[in-house]
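For the single chain, residues carry numbers from 1 onward in sequence order.
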Amino acid sequence: MLLSINFLPEGRIYRWLLLWNERRISARINRIMAERGIDEFIFINSFNFHYPGVSTMLSGAVLKIYHCVDPIITDYDERHGFLSEDLLINNSDLVICTSKALYRDKIKKKKQTFFIPNAADLTVSSRAQDQDLLIHPSVSDIPGPVIGYLGAIERRIDFEMLMQVATMNPDKSFVLVGPTAREFVPSRFEELKNVYFRESVRYDEMPAVVKGFDIAMVPFKKDEVSATIFPLKLFEYLGTGKPVISTDFNMDLLEFTFDSVRYCRNADEFSAAISFYLTNDSQEAKAYRLSIAADNTWSRRMSELSSLIAGFYREKTGHN
């Protein structure tokens, strides 16, 4: 059991109690490693910056890695997160970031910082091309053409822009599927007759949902937070073969998507991109999207990650 301490102000008392928690966590990990006869291991902290000292207390951790996947933005995380993340970066042998914006920030603090972006599992998303796969019931009754989004529906969505686009296109349906943080959704947006909200679905249901889309979209706000996002859904969408329209929230993505995705600066461009894809899409364009997705798979990313880690492991331990 760990102490609940995040409510405390930053200071000596918080850090002293945090140390108690970290000792509990590290003792458990050390015990498990000993029970399994593991003398050496590589420790990867994937964006749990709340316990920055754990890695320093692990007797068998020959290489310590911080996997940074998002900026710190919530009130809960911000309370102690900035200081804790800096400590974690300092305690790590290398830092791996999932976006170039995160990389540019972290490399100022740790020279051994690298950028390895997110990817997609094409074995899942490619199922959307199966002619025998039924469209998911949650979207099967929505009148087409359907412009759809699958993911968390919260602060990163540019609802004002999307409201303009939906108003400009009353003959098209705009569908958002996923967990919804209602406090971020304007009531005017929910009241639009061609806007539909649907509940979360399991990951293995994703292909059936996206199969019901005519166009997949990533309507994120363009701000400092979104600039650090490298969305998984981008390559998942492309892996279904569907046309993809996005706001220009992170133009670093162009390096990976080239011209397979339409990036839009405003509602007018977004609306024009919808019209373009509904009238000009082709099998050739679909094949191109699938080829881009095939170049951005998790197996490829894991190969890049493994090579990077292996090099640092050899350098630190002298082992092959």
Side-chain angles (χ1 to χ4, degrees), residues 1-8 10 12-72 74 76-77 79-99 102-103 105-107 109-121 123 203 230 232 297-320:
M1 181 181 294
L2 300 177
L3 299 173
S4 178
I5 60 174
N6 199 70
F7 68 94
L8 292 171
E10 181 58 57
R12 292 178 61 185
I13 294 176
Y14 171 80
R15 291 291 155 180
W16 184 81
L17 293 174
L18 176 62
L19 179 62
W20 189 90
N21 279 344
E22 290 173 330
R23 285 172 176 167
R24 297 271 295 179
I25 295 170
S26 59
R28 180 67 178 272
I29 296 174
N30 284 330
R31 184 166 62 252
I32 292 172
M33 294 296 105
E35 290 172 354
R36 287 159 174 72
I38 300 173
D39 298 322
E40 293 184 350
F41 58 91
I42 295 170
F43 181 73
I44 302 177
N45 180 323
S46 189
F47 203 55
N48 190 341
F49 46 80
H50 293 293
Y51 303 101
V54 167
S55 62
T56 65
M57 305 175 193
L58 301 177
S59 56
V62 295
L63 193 65
K64 300 181 285 290
I65 301 169
Y66 174 43
H67 185 217
C68 182
V69 303
D70 270 320
I72 296 173
T74 67
Y76 182 91
D77 288 343
R79 190 172 185 86
H80 303 287
F82 294 114
L83 175 57
S84 288
E85 187 181 56
D86 284 347
L87 291 171
L88 177 57
I89 290 171
N90 185 63
N91 292 336
S92 300
D93 296 301
L94 67 153
V95 176
I96 298 171
C97 300
T98 58
S99 77
L102 290 171
Y103 164 80
D105 178 56
K106 306 312 176 192
I107 199 169
K109 304 171 184 178
K110 171 74 72 171
K111 180 181 178 182
Q112 296 77 17
T113 296
F114 301 88
F115 166 54
I116 297 182
N118 287 322
D121 183 354
T123 61
Y203 180 66
F230 198 108
L232 289 168
T297 61
W298 280 121
S299 59
R300 176 165 291 197
R301 294 289 187 266
M302 288 304 100
S303 178
E304 296 170 6
L305 180 61
S306 297
S307 296
L308 177 63
I309 292 175
F312 271 85
Y313 177 79
R314 287 192 297 268
E315 180 179 330
K316 187 166 184 179
T317 65
H319 298 159
N320 292 322

Can you give me the closest heavy-atom contact between K110 and I89, atom names plus distance?
CE-O, 2.9 Å
Ignoring hydrogens and geometry, is there a side-chain-to-backbone donor-acceptor pair from N118 to F230 under 3.5 Å?
yes
Taking side chain as C-beta onward, heavy atoms only, is L18 less than 4.5 Å from P52?
yes
Looking at L87 and R15, what are the two nearest heavy atoms and their distance?
CD1-NH1, 3.7 Å
So OH of Y103 and CD1 of I96: to nearest 0.5 Å the spacing works out to 12.5 Å
Is it the case that the side chain of D93 and the backbone of I65 share a donor-acceptor pair, with hydrogens and angles ignored and the cut-off at 3.5 Å?
no
Minimum heavy-atom separation for R301 and A119, please, with both atom names.
CG-CB, 3.5 Å
Under 3.5 Å donor-acceptor, N21 side chain and Y51 backbone:
no
Which residues satisfy the salt bridge (charged side-chain N to carboxylate O under 4.0 Å, His left out) test with R79, sequence neighbours excluded?
none
Parallel under 30°, tilted from 30 to 60°, perpendicular over 60°: which one fits the rings of Y14 and H80?
parallel
With a 3.5 Å distance limit and no angle check, can you tell me whether S303 reaches the backbone of S299 through a side-chain donor-acceptor pair?
no
Quick one: sort the Y66 and F47 rings into parallel, tilted or perpendicular, breaks at 30° and 60°.
parallel
Nearest 0.5 angstrom please: F114 CZ to C97 SG, how far?
10.5 Å
Is it the case that the side chain of K316 and the backbone of L63 share a donor-acceptor pair, with hydrogens and angles ignored and the cut-off at 3.5 Å?
no
Atom CG of residue position L2 - does it have more than 12 heavy atoms of other residues, nucleotides or ligands inside 6.0 Å?
yes
Calculate, to the nearest 0.5 Å, the distance between atoms OG and CD1 belonging to S59 and I29 respectively.
10.5 Å
